[in-house]
Amino acid sequence: MADKTLNEIRNTFLKYFEKNDHKIVESSNLVPNNDPTLMFANSGMVQFKNVFTGLEKRDYIRATTSQKCVRAGGKHNDLENVGYTPRHHTFFEMLGNFSFGDYFKEQAIHYAWDLITKDFGIDKKQTLCNCIP
């Protein structure tokens, strides 16, 4: 996986979930159009907030996305780390897979394990947890 480009990683992730019956949903705007509670999209699930709260229904029950996000503070505010560590950036894309009542943690764990060990080719012995056969 080390030799894959960011575009290849993003595409592999999205295509994996698409072949597992998830709709690929384009990133929403960085500044949410219809949410006065947020100044910026700060996580991958922002565009689905109204679905999770029951205010909106979509014509699909599974989704995957590469959401553009801005680190702007919040509950676990680590804004002071931006620029000082290799993993803290002000702008980033968050890959995500979502189920709107169709599956829960057990299936999500299966998808993640399958994705990293098969599609990304990470050796099971090199993972932190060899807990799934």
Task: Least distance between heavy atoms, A41 atom then Q67 atom - done: CB-NE2, 3.8 Å
Open item on the list: Test side chain to side chain donor-acceptor pair (under 3.5 Å) on N97 and Y103; report intermediate values, then the result.
Closed with: CA-CA 11 Å; N97 58 293; Y103 66 85; 3.0 Å; yes
Task: Side-chain heavy atoms of D119 within contact of F13, under 4.5 Å - done: no
TODO: Taking the side chain as every heavy atom from C-beta outward, state whether F98 and T65 have any atom pair closer than 4.5 Å.
DONE: yes
Task: Check: H22 and Y111 side chains under 4.5 Å, non-hydrogen atoms - done: yes
TODO: Establish, from distance only, whether the side-chain atoms of T37 and D35 form a donor-acceptor pair under 3.5 Å.
DONE: yes
Open item on the list: Can you tell me how far apart CE (M45) and CE (M94) are? Round to the nearest 0.5 Å.
Closed with: 10.5 Å
- [ ] Indicate yes or no: does R10 engage E8 in a salt bridge with an N to O separation below 4.0 Å.
- [x] no
TODO: State plainly whether one hydrophobic cluster holds both V51 and I24, where clusters connect Ile, Leu, Val, Met, Phe, Trp and Tyr through side-chain heavy atoms under 4.5 angstrom apart.
DONE: no
Task: NZ-OG distance between K49 and S28, expressed to the nearest 0.5 angstrom - done: 12.0 Å
Task: Residue pair F120 / I9, side-chain heavy-atom distance below 4.5 Å - done: yes
Task: Hydrophobic cluster identity match, F91 and M39, side-chain contacts under 4.5 Å - done: yes
- [ ] Considering only Ile, Leu, Val, Met, Phe, Trp and Tyr, and joining two whenever side-chain heavy atoms are under 4.5 Å apart, list the other residues clustered with L38.
- [x] V46
Task: Heavy-atom neighbours of K23 NZ exceed 12 at 6.0 Å - done: no
- [ ] Drop me the distance from T117's OG1 to K124's NZ, to the nearest 0.5 angstrom.
- [x] 5.5 Å
Task: Heavy-atom closest pair, residues F92 and V70 - done: CE2-C, 4.2 Å
Open item on the list: Nearest 0.5 Å, please: how far is CG in D123 from CD1 in I116?
Closed with: 10.5 Å
Task: 4.5 Å side-chain heavy-atom contact, K15 and T64 - done: no
- [ ] Answer with yes or no whether the hydrophobic clustering places F17 together with L14; edges join I, L, V, M, F, W, Y residues whose side-chain heavy atoms lie under 4.5 Å apart.
- [x] yes
Task: Student check: side-chain heavy atoms of S27 and E93 closer than 4.5 Å - done: no
- [ ] Answer yes or no: does atom CG of L55 have more than 12 heavy-atom neighbours from other residues, nucleotides or ligands under 6.0 Å?
- [x] yes
Open item on the list: I want to check something: taking the side chain as every heavy atom from C-beta on, are E56 and F48 in contact at a cut-off of under 4.5 Å?
Closed with: no
Open item on the list: Membership question, hydrophobic clusters at under 4.5 Å side-chain separation (ILVMFWY): are Y16 and I122 in the same one?
Closed with: yes
Open item on the list: Measuring from atom NZ of K57 to atom CG of N50, what distance do you get when rounded to the nearest 0.5 angstrom?
Closed with: 13.5 Å
TODO: Start with the C-alpha gap between D21 and Y60, add the side-chain angles, then the distance that decides, and say whether side chain to side chain donor-acceptor pair (under 3.5 Å) holds.
DONE: CA-CA 9 Å; D21 303 318; Y60 48 87; over 6 Å; no
Task: Pairwise side-chain contact, N42 with C69, heavy-atom cut-off 4.5 Å (strictly under) - done: no
Task: Gap separating the CZ atom of R58 from the CZ atom of F100, nearest 0.5 angstrom - done: 6.5 Å
